[in-house]
Structures are given as structure tokens and as C-alpha cells.
Protein chains: 2
Amino acid sequence: MARTAGSDGGRTEAAIRDAAVQLIARHGYEAVTMRQMAAEVGVQAAALYRYFPTKEDLLHTLMREHMEELAATWDAARPANDDPVARLTSFVANHIRFHVERRHATHVSNMELRSLSRDNLTNILKLRTTYEKELRTILRDGADAGLLEVDDTGLTAMAIIQMITGVIVWFRPDERLSVDEVTATYLAMTMRLTGAKTNTEDRHVRQDAELRAR
Amino acid sequence: MARTAGSDGGRTEAAIRDAAVQLIARHGYEAVTMRQMAAEVGVQAAALYRYFPTKEDLLHTLMREHMEELAATWDAARPANDDPVARLTSFVANHIRFHVERRHATHVSNMELRSLSRDNLTNILKLRTTYEKELRTILRDGADAGLLEVDDTGLTAMAIIQMITGVIVWFRPDERLSVDEVTATYLAMTMRLTGAKTNTEDRHVRQDAELRAR
DNA sequence: GAATTAATTAAACGTCCGTTTTATTAATTG
DNA sequence: CAATTAATAAAACGGACGTTTAATTAATTC
């Protein structure tokens with residue numbers, strides 16, 4: 001056997017990425033074999049090497065593109081408005097929606113860092129740090145303007161990111177709550193956590209506008 | 001070669017546990033081999049089978065004991081006082097201290113669930129759920145007494161747990177902040193997040209007492 | 001329609017894995 | 001000090017792993 005009827009490089013590569021994300025998210029990178037991923041796609045393991053030079057390179061590609069998409073989504077969602085509270089609202093809403101829509105890819109990006117080589121790890125961490133810096137800047141601006149109560153910008157940023165990323169651990173799209181309901185609750189918690197100075201009605205108006213814009 | 005001079009079962013078993021926690025936390029369960037762990041202890045791989053019947057059983061033992069210790073620590077720290085805000089304070093302070101002191105074991109317990117068999121997984125999840133229920137009860141009692149503002153008990157509990165467990169991701173004991181300083185900041189964030197009804201001075205008094213008691 | 005390029009299979013390579021078996025020595029017991 | 005038990009080493013087992021090589025067929029190009 002050799003090239004199969006109807007085979008197409010583009011489609012095969014996309015299928016490999018999908019299979020890899022699903023399998024690695026469920027079983028972990030080290031536990032998943034090239035043969036398993038190939039079987040999911042419906043090809044032999046050797047065929048994967050036409051698209052990715054090594055197993056680790058496949059992992060690194062998945063993580064890099066996930067982080068680049070996250071940055072791009074935030075760039076597109078970032079409000080023209082420079083009010084720190086509005087920016088914080090947009091950041092949290094965008095973050096939750098992005099991660100809930102990509103539960104499996106997020107799991108891979110968060111759990112498999114230790115399987116990367118030094119260079120690949122540095123690469124991914126740089127993207128992550130750049131993204132997290134956005135939140136720190138918002139918190140610092142808000143604190144400077146007297147609109148937020150933030151004891152320690154770095155700690156608060158980490159606390160918020162862990163809180164809102166953690167949604168993917170328990171959230172299932174087909175259960176009790178919708179993404180918008182979850183986002184609203186987490187926004188309320190974030191605003192209280194940061195002591196955001198804005199009356200309740202204003203905040204609700206802004207949140208609703210934020211959610212409708214998506 | 002055979003039994004070595006000065007060999008002792010108790011010491012060897014403890015050394016295996018330590019080596020396993022360190023190596024699995026750093027490289028992941030699937031990536032660590034029985035031979036690596038044995039080398040860290042200074043024995044051959046076959047010697048591990050005198051203490052643990054399989055690799056997975058070793059993992060499960062580490063996780064089970066970690067969860068049992070967590071429950072025991074909370075039982076000991078639980079305040080006689082039934083004020084929900086005081087209980088929340090104790091819960092957060094105990095949780096952070098416990099996890100910071102056991103960074104590696106916590107990493108193992110949080111990251112390697114997917115490597116467990118059905119039965120072992122069920123076992124660990126039961127322990128985890130029981131522990132998390134403690135926090136939900138505190139939040140519900142606080143909300144019922146009008147002392148906390150909690151929109152959704154389940155969501156708030158998950159948010160708080162992810163926030164305070166996330167400390168181990170970035171905290172390094174030899175850096176800028178002490179455990180007590182980090183705990184104080186996270187307690188302040190928790191109190192704001194739950195809209196705890198208590199004036200600042202009272203809260204500080206209680207937090208200080210909490211910290212001094214450890 | 002021949003030549004070229006793209007996509008894939010089949011088979012193999014050397015290595016490492018979790019685990020078992022067997023033998024051997026150290027420590028303890030009576 | 002003989003008998004027993006505890007703790008280990010050494011070697012092997014079958015299987016799976018990531019990856020490479022070579023051959024083969026489908027699609028495209030000229």
C-alpha cells in the first residue's frame with residue numbers, strides 16, 4: 001500500500017492536530033503514543049512524520065499556536081476605552097470564553113510544559129508571561145487611579161488568572177450553567193476581589209454590553 | 001550481590017516515597033521510570049517491588065496519603081468557634097500552609113489523576129470531594145447568616161480553591177514573600193471576594209491570631 | 001501521457017519499559 | 001551457632017516505544 005485515494009495533506013495535518021489535542025488532554029503527553037494518534041486519524045504512525053519532525057515538536061506546535069491565538073483574541077477584544085475597570089471586565093470575559101471553548105487545548109498547554117525541551121519551554125513561557133503582563137498592567141492602572149484595591153499587583157494577577165482558568169476543570173457546556181452565566185458570576189467575584197469602585201448598576205450595564213458584543 | 005550491609009526496610013520505603021514524589025512532580029508519572037526512582041534511592045528497580053506491588057500502586061499510595069493528611073490537618077485546625085468568617089479564615093490559612101509545605105506532593109495529587117485506574121481514581125476523588133464540601137458548607141452557613149455575599153456556593157468554592165491552591169505554581173519559599181505574608185494577602189482577597197461582613201480591624205485581629213497559632 | 005511530486009504503507013531498528021524469577025547475603029531469632 | 005526471615009542484586013522476559021528506510025500508489029504538471 002502507499003498513497004491512498006482521496007488523501008490530502010491539509011486535511012490529514014488538521015486531523016493529526018485534533019487527535020493529538022484530544023488524546024493528550026485525556027491521557028497526558030507521555031502516555032499517548034504516535035501509533036495511538038495515527039490510529040485516531042486512520043493512518044500509520046510513520047505518516048505523522050511527514051507533518052511533524054518529532055513527537056515533541058508536535059506538542060510544541062499545539063502549545064505555541066494555542067498561546068498565539070489567545071494573544072490574538074485578546075488583541076481583538078481589548079476595549080478602546082481606557083477605563084481600568086472596563087479593561088478588567090473585558091480581560092476576564094475574554095479569558096473565560098476563550099478557555100472554555102478550548103478546554104482540551106488549554107489542558108495541554110497548562111499540564112505538559114514539563115515535557116518540552118529547554119528552548120521550546122522558554123518559547124512558550126515568554127508568550128505566557130507577555131499575556132499575564134496585560135492583567136498586571138490593568139491592575140496597576142486601576143490601583144493608581146484609585147478605582148481598584150490591590151495589595152500586591154503580582155499576587156492578585158496570579159490569583160485572578162488561576163481562578164478564571166480553573167473554570168475549565170469543572171465546567172461542562174451541557175450542564176447547569178451557560179458560559180455567559182458562569183462569566184457573570186466570575187466577573188462579580190473578580191470585581192469584589194479587586195474592590196472595584198463602581199456602583200452595581202453601572203457594572204451590570206457594562207457586563208451586559210461586554211457579553212452581547214461576543 | 002544480595003542484601004547489603006546496613007539495609008533497612010523502613011528507611012528504604014521512606015526513601016522510595018521521597019524519590020517518587022520529587023521525580024514525578026518534576027517529570028510527570030509517565031515520564032519517570034522505576035529504574036530512575038530506584039537509582040535515586042540507590043537500589044535496583046526490582047527492590048521497589050518489595051514495597052509496592054506496581055508502579056501505579058506507588059502513585060496511588062502517595063496521593064491517598066496526601067489527601068488523608070490534608071483532611072487530618074484541617075480536622076486539627078478547625079476552630080471550635082462556629083462563626084463562618086472565622087472558619088473561612090482558618091480554612092484558607094490551613095490550606096495555603098499545607099500546600100506550600102508540600103509543593104511536590106500537591107503537584108502529584110493534582111496532575112496525575114489521569115494515570116490512576118478507575119477504582120483508584122474514584123478513591124482519590126472521594127477524598128477530594130469530602131474536603132471541598134467543607135468549604136461549601138462554610139460558604140453556605142455564612143451566606144445564610146448574612147455574613148457573606150455568595151452568588152453561587154459551588155462556583156465560589158471552586159474559585160477559592162483554585163485561587164489558593166494556585167499559590168504553589170509560583171511560590172518559592174526563598175524569595176520575596178514569606179508564607180505568612182502570602183497567606184495574609186490571600187486572606188484579604190478571599191474576604192473581599194466573599195464580601196465578608198466584618199470591619200477591617202476585627203479581621204486583622206483574627207488573621208493575626210490565626211497566623212500566630214501555627 | 002510521461003514525468004514529477006505528494007501522500008502513504010509496511011517493515012524494521014535499537015532501545016527502554018514494567019515486571020518476574022532466582023540466587024545471595026545480612027540480620028534476627030531461638 | 002543453626003535456622004529463619006528480611007533485603008537486596010542480577011539477569012532475563014516479552015512487549016511497546018519513537019523513529020527511519022524503502023517501496024508504492026495517487027494526484028498534478030507540462
Side-chain angles (χ1 to χ4, degrees), chain A residues 1-21 23-24 26-63 108 112 114-120, chain B residues 1-21 23-24 26-63 108 112 114-120:
Chain A
M1 294 277 276
R3 180 169 189 164
T4 55
S7 63
D8 174 85
R11 277 212 318 278
T12 302
E13 179 169 350
I16 294 171
R17 286 165 194 258
D18 285 355
V21 168
L23 287 171
I24 295 174
R26 178 162 5 245
H27 304 292
Y29 170 76
E30 295 281 357
V32 173
T33 71
M34 297 298 271
R35 286 171 177 83
Q36 271 179 273
M37 295 190 279
E40 188 77 14
V41 173
V43 297
Q44 293 297 312
L48 305 193
Y49 288 85
R50 170 163 259 272
Y51 305 95
F52 301 96
T54 64
K55 189 188 178 191
E56 196 207 316
D57 188 85
L58 168 54
L59 174 66
H60 178 233
T61 300
L62 297 176
M63 295 173 106
V108 173
E112 307 298 348
R114 60 190 170 195
S115 293
L116 295 176
S117 68
R118 265 281 298 272
D119 285 358
N120 286 342
Chain B
M1 295 276 276
R3 179 171 189 165
T4 55
S7 61
D8 173 83
R11 277 213 319 276
T12 301
E13 179 169 351
I16 293 171
R17 286 164 194 257
D18 286 355
V21 168
L23 287 171
I24 295 173
R26 178 163 5 248
H27 305 292
Y29 170 76
E30 296 282 356
V32 173
T33 71
M34 298 297 271
R35 287 170 176 83
Q36 272 178 272
M37 295 190 280
E40 188 76 13
V41 174
V43 297
Q44 293 297 311
L48 305 192
Y49 289 85
R50 170 164 258 271
Y51 305 94
F52 302 96
T54 64
K55 188 187 178 191
E56 196 206 316
D57 188 85
L58 168 53
L59 174 66
H60 178 234
T61 299
L62 297 175
M63 295 173 105
V108 173
E112 307 297 349
R114 59 191 170 195
S115 294
L116 294 177
S117 69
R118 265 280 297 272
D119 286 357
N120 286 343

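Note that the coordinates shown come from a computational prediction; the quantities given were computed from them, not determined experimentally. Reminder, nothing fancy here: chain letters follow the sequence lines and each chain counts from 1.
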Next on the checklist: What's B/Val32 touching, base or sugar-phosphate or nothing? Going by heavy atoms closer than 4.0 Å.
Outcome noted: sugar-phosphate
Next on the checklist: Using 0.5 Å steps for rounding, measure from the CD1 atom of A/Ile24 to the NZ atom of A/Lys55.
Outcome noted: 7.0 Å
Item to check | Separation between CG of B/Leu58 and OH of B/Tyr51, rounded to the nearest 0.5 Å | outcome: 13.0 Å
Item to check | Atom-to-atom span, NE2 of B/His27 to C1' of C/dC17 - whole angstrom | outcome: 17 Å
Checklist entry - Among C/dT19, C/dA7, D/dA26, which is the nearest nucleotide to the side chain of A/Ala2? => result C/dA7
Checklist entry - Quick one: on DNA chain D, does B/Gly10 or B/Ala46 contact a more 5' nucleotide (nearest heavy atom)? => result B/Gly10
Checklist outcome for this item: Value for CE (A/Met34) from OH (A/Tyr49), rounded to nearest 0.5 Å, stands at 3.5 Å
Checklist entry - Can you check the A/Arg35 CZ to D/dA16 P distance for me, whole Å? => result 10 Å
Checklist entry - Just how far, in rounded Å, is P of D/dC17 from CD of A/Gln44? => result 14 Å
Next on the checklist: Does A/Ala47 reach a base, just sugar-phosphate, or nothing at all? Heavy atoms under 4.0 Å.
Outcome noted: base
Checklist entry - Between C/dA7 atom P and A/Glu13 atom CD, what is the distance in whole Å? => result 10 Å
Checklist entry - Is any side-chain heavy atom of A/Met37 less than 4.5 Å from a side-chain heavy atom of A/Ile16? => result no
Next on the checklist: Can you measure B/Glu56 atom CD to C/dC17 atom P for me and round it to whole angstrom units?
Outcome noted: 19 Å
Checklist entry - Rounded to whole angstroms, how far apart are CZ on B/Arg3 and C1' on D/dA7? => result 5 Å
Checklist outcome for this item: Rounded to the nearest 0.5 Å, the CG atom of A/Leu116 sits from the OH atom of A/Tyr29 at a distance of 8.0 Å
Checklist entry - Within the structure, does a side-chain N or O atom of A/Thr12 lie under 4.0 Å from either OP1 or OP2 of C/dT8? => result yes
Item to check | Residue-phosphate contact under 4.0 Å: A/Tyr51 side-chain N/O, C/dT8 OP1/OP2 | outcome: yes
Checklist entry - Atom CD of A/Glu30 to atom P of C/dC16: distance rounded to whole Å? => result 15 Å
Checklist entry - Does B/Arg50 put a side-chain nitrogen or oxygen below 4.0 Å from OP1 or OP2 of D/dA7? => result yes
Checklist outcome for this item: note: B/Tyr49, atom OH; C/dA23, atom P; distance rounded to Å ~ 21 Å
